[in-house]
S.K.: 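Quick one: the structure is below, and I'll ask about it shortly.
Every chain is numbered from 1, with letters handed out A, B, ... down the list of sequences.
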Amino acid sequence: MSSKSNTSDRDEHGPHAKRPRKGGLSYANQGLKTDVDFLSRGDSDRPIAVILTPLRERQQQILSRNLKAAGAKILQFDERKSEDEQPATEGLVVVTDNPKKARRVVENREETMKNVVFVETKWATRVLAEQRWVPIQPYVLEQTKATQHESSTVPESDEINLDTALEASSKSRKNADTLPVWCRKKTCENSDIAEKREFLEGLPRFLCERCTITQAIYEAPNNELCKLLEIIEKKRRLEQAGGSEAEADIRARAYRRASAALKCVPFKLQTVQDAQALHSLGPRVLSIVQEYLMNGTVREVQLMETDHRLRILTQFQSVYGLGYVSARRYYDELRITSMDQLVEKSSRDESSEANVLVRYLGYIDKLAHLRWKDAVAVVDMVSQAANVTGEDDLHLRFQLCGGFRRGESSGHDVDILYCRQEKYAHDCSSVMKELISRLERTGLIVKVLRESSDTNGWNEVRYHARSSRAIFRYAHDVVHAIAKYKGCFFRLDLVGVRDAFEFCFTTISWSGSTPFQRDLRWWCEKKKGWTFNEHGVFDRESGQRVKLNPEPKSEMDVFAALGLTYRAPFERSC
DNA sequence: CGGCGTACG
DNA sequence: CGTA
DNA sequence: GCCG
């Protein structure tokens, strides 16, 4: 079962893990030593209680699910105290960004008020990033008198911190689950520089081996620089400076890799030397980093904002069905130099080779970004359309994927996967056409842009020229559409998985992020000699499907079978 | 100097 | 050449 | 553009 691998995975890094002893104290205990007293008993089987308030719904959901998995007891702030729920803890950690409001909420629980600490949300995200209880000291916003007094009896010791840091950073070389203590320090002493360097150099090479937490949950310190690098990525592709399209693309992608590498760095970069220690940052990117560190701006990026051609090309490229090659051709050869012109010419010109483009352009000015909450609501609507009788009529189960699954706060498209429920998994026929027509009737789907629901059944695929035998499998049903919800238009992707056992692979593939997927597939190729795709894992030589043992039923099973540390969706936002 | 994800319309 |  |  998936839950088994879940607990074993969590136990390994969890708060109560048996760590190598050092000075008679477990690692976990050392980390907690500097905390207020009740937390120092953290390695007993008594969980700490955490209240999350007031936080955004999505954030609360993700944090509570994962803190719970780490052994915390989660108390809902609106939850009326019931008799059977005696507090199993002596203290209370309140995770909040608004201590005043939180205080009012907590004041109703008078009996716990003796030991209450209010901490920043950042603490909770650190716990998730490091997979252990980190000291709460740097994150304390406010605490009650009783705990304040107790904490002063346990003075903070730098020695302990240093030990912890060394042990943590030596572990981080193998895998980036644990971050050194200095990540949490506000100021950075000289002695920390070497440790930082070591940490940066110790990060695993492949993005799928790292933990990169979604921006919406954890505000990465180098976010600004990452965004600039991604703008340059776009610029390189639009310019196609020297060489072929493919070469421009690969050079552009290097900037994306650099950005992705930066995203999991938990402290703000101070020097180019820090940056140099990272994978994927070579001379070209470093010169950009230097410019940014010195001026706070990058000239090339400003060009993207001021240059008319680049601005228009960027707009064109945002149109579905219009890539950078066509964008350039429209501007340079056909002299279409504004969005209005493009819309006008395309709607008049019936001979347009890009049929999709014409269909899409009618909605171009209406398309809006969706919030996370709305994306979840859309999944609900789709799922209801698949069950009109109230008795499960199409027997489907749905899974939100894409950026929203990773916890991103907004996005321009919603990706939804579905497949038949277990009992009906033997039936591999397509229900996509039925589903689409239902969604068109309810008014959710406004326009189908592209559809590939293959009703013939098997698709023959020859994975490798060397393979004499062809591989047979069902093609997925994929539909790209424009949908409408609450008066907003947005892109909706539906994916039907016909072979239920492929569902976990498809879920991984459609949950992104793009750089994460690339590195996952690259890693599989390099380390295992396997080709990873949304259907499963295949041997490079024979082309045959690799029989994993036991057969993966969930994403977690897949990571385990590959020998990778599990990354939750919100940890894949590179 | 070769490789960089993989599959689909 | 476009999409994910 | 960067890495092995």
Side-chain angles (χ1 to χ4, degrees), chain A residues 205-208 229 232-233 235-237 240-261 275-276 278-289 316-330 353-357 360 401-403 405 411-417 448-454 459 461-464 471 473-481 491-496 502 505-527 530-538 540:
Chain A
R205 175 172 163 223
F206 293 94
L207 297 171
C208 56
L229 290 172
I232 298 180
E233 175 205 6
K235 187 160 173 284
R236 288 284 176 282
R237 253 192 276 265
Q240 197 211 357
S244 69
E245 212 66 65
E247 284 162 353
D249 185 71
I250 211 86
R251 261 177 269 133
R253 209 182 302 150
Y255 285 91
R256 183 65 191 271
R257 277 193 70 80
S259 166
Q276 198 165 18
L278 276 164
H279 267 110
S280 313
L281 276 76
R284 311 297 271 255
V285 173
L286 286 174
S287 74
I288 303 284
V289 173
F316 285 4
Q317 224 203 324
S318 71
V319 176
Y320 180 98
L322 217 169
Y324 45 90
V325 174
S326 306
R328 277 197 299 262
R329 194 167 55 85
Y330 282 27
E353 71 263 44
N355 199 11
V356 177
L357 192 80
Y360 186 78
C401 283
R405 179 157 187 258
H412 78 287
D413 75 330
V414 179
D415 303 306
I416 301 174
L417 262 60
V448 172
L449 298 172
R450 184 172 295 178
E451 181 182 356
S452 69
S453 35
D454 191 55
N459 256 17
V461 178
R462 183 152 304 177
Y463 272 101
H464 205 266
I471 308 299
R473 70 182 182 212
Y474 279 109
H476 297 330
D477 299 322
V478 182
V479 165
H480 299 174
R491 284 279 332 281
L492 174 68
D493 292 345
L494 287 174
V495 181
E502 290 186 353
F505 295 99
T506 317
T507 306
I508 290 178
S509 297
W510 279 80
S511 294
S513 62
T514 300
F516 186 93
Q517 291 309 313
R518 289 190 141 142
D519 267 23
L520 175 62
R521 290 166 187 220
W522 194 17
W523 182 92
C524 278
E525 172 74 33
K526 272 264 170 315
K527 305 266 176 167
W530 294 342
T531 297
F532 185 107
N533 64 30
E534 66 266 47
H535 296 278
V537 174
F538 301 84
R540 191 203 314 148

S.K.: If the condition is salt bridge (charged side-chain N to carboxylate O under 4.0 Å, His left out), which residues does A:Arg237 pass it with, not counting sequence neighbours?
M.R.: A:Glu233, A:Asp249
S.K.: So what does A:Arg491 hit on the nucleic acid, given a heavy-atom distance under 4.0 Å: a base, only sugar-phosphate, or nothing?
M.R.: sugar-phosphate
S.K.: Please name all residues satisfying ring-ring contact (aromatic ring centres under 6.0 Å, His included) with A:His279, sequence neighbours left out, ordered by chain then number.
M.R.: none
S.K.: What is the distance from CD of A:Glu502 to C1' of B:dT6, rounded to the nearest Å?
M.R.: 14 Å
S.K.: What nucleic acid atoms does A:Arg284 come within less than 4.0 Å of, heavy atoms only: base, sugar-phosphate, or nothing?
M.R.: sugar-phosphate
S.K.: What is the distance, rounded to the nearest whole Å, between atom CG of A:Asp413 and atom P of C:dT3?
M.R.: 12 Å
S.K.: Roughly, in whole Å, what's the span from CD in A:Glu525 to P in B:dC4?
M.R.: 7 Å
S.K.: For the pair made of OH in A:Tyr330 and P in C:dG2, what is the distance, rounded to whole Å?
M.R.: 9 Å
S.K.: Let me spell it out: for each of A:Arg257 and A:Glu451, pick the nucleotide of DNA chain B with the closest heavy atom. Which residue's pick is nearer the 5' end?
M.R.: A:Arg257
S.K.: Hey, does A:Val319 reach any base, or is it just sugar-phosphate, or nothing, if we go heavy atoms under 4.0 Å?
M.R.: sugar-phosphate
S.K.: Measuring from the side chain of A:His480 (C-beta onward, heavy atoms only), which nucleotide among B:dG9, C:dA4, B:dA7 has the closest atom?
M.R.: C:dA4
S.K.: Treating A:Glu451 as the side-chain partner and A:Asp477 as the backbone partner, does any N or O pair qualify as donor plus acceptor under 3.5 Å?
M.R.: no
S.K.: Please classify the nucleic acid contact of A:Leu281 as base, sugar-phosphate, or nothing, using heavy-atom distances under 4.0 Å.
M.R.: sugar-phosphate
S.K.: To the nearest angstrom, how far is A:Arg521 atom CZ from B:dG5 atom P?
M.R.: 10 Å
S.K.: Atom CG of A:Leu494 and atom P of B:dG9: how far apart are they, to the nearest Å?
M.R.: 16 Å
S.K.: Which is true for A:Glu534 with a 4.0 Å heavy-atom rule: it touches a base, it touches only sugar-phosphate, or it touches nothing?
M.R.: sugar-phosphate
S.K.: Between C:dG2 atom C1' and A:Tyr360 atom OH, what is the distance in whole Å?
M.R.: 13 Å
S.K.: Could you tell me from which nucleotide to which nucleotide of DNA chain D, 5' to 3', there is an atom under 4.0 Å from chain A heavy atoms?
M.R.: D:dG1 to D:dG4
S.K.: Under 4.0 angstrom, heavy atoms only, what part of the nucleic acid is A:Leu322 near: base, sugar-phosphate, or nothing?
M.R.: sugar-phosphate
S.K.: Under 3.5 Å, is there a donor-acceptor pair between the A:Arg256 and A:Ser280 side chains?
M.R.: no
S.K.: Please determine whether a side-chain nitrogen of the Lys or Arg among A:Arg405 and A:Asp415 lies less than 4.0 Å from a carboxylate oxygen of the Asp or Glu.
M.R.: no
S.K.: Under the salt bridge (charged side-chain N to carboxylate O under 4.0 Å, His left out) rule, collect the residues that match up with A:Arg491, sequence neighbours excluded.
M.R.: A:Asp493
S.K.: Between A:Thr514 and A:Arg450, who's closer to the 5' end of DNA chain B by nearest nucleotide?
M.R.: A:Thr514
S.K.: Can you list everything that forms a ring-ring contact (aromatic ring centres under 6.0 Å, His included) with A:Trp522? Sequence neighbours excluded, please.
M.R.: A:Phe206
S.K.: Between B:dT6, C:dT3, C:dG2, spot the one nearest the side chain of A:Tyr320, thanks.
M.R.: C:dT3
S.K.: When you measure from the side chain of A:Ser287 to the backbone of A:Arg284, do you find a donor-acceptor pair of N or O atoms at a distance under 3.5 Å?
M.R.: yes
S.K.: Considering just the side-chain nitrogens and oxygens of A:Thr531, establish if one lies under 4.0 Å of OP1 or OP2 belonging to B:dG5.
M.R.: no
S.K.: Among B:dG5, C:dC1, B:dC8, which is the nearest nucleotide to the side chain of A:Ser452?
M.R.: B:dC8
S.K.: Return the 5'-most residue of the pair A:Ile250, A:Arg205 with respect to DNA chain D, ranking by each residue's nearest nucleotide.
M.R.: A:Ile250
S.K.: A:Ser509 near the nucleic acid: base, sugar-phosphate alone, or nothing, with a heavy-atom cut-off under 4.0 Å?
M.R.: nothing
S.K.: Just call it for A:Arg253: base, sugar-phosphate, or nothing, with non-hydrogen atoms closer than 4.0 Å on any strand.
M.R.: sugar-phosphate
S.K.: Suppose we screen for ring-ring contact (aromatic ring centres under 6.0 Å, His included). Which residues come up paired with A:Phe532, at least two apart in sequence or across chains?
M.R.: A:Phe505
S.K.: Between B:dG5 and D:dC3, how far apart are the P atoms? Round to whole Å, please.
M.R.: 15 Å
S.K.: Could you check how far CG of A:Leu520 sits from P of B:dA7, rounded to whole Å?
M.R.: 13 Å
S.K.: So what does A:Val495 touch, heavy atoms closer than 4.0 Å: a base, only the sugar-phosphate, or nothing?
M.R.: nothing
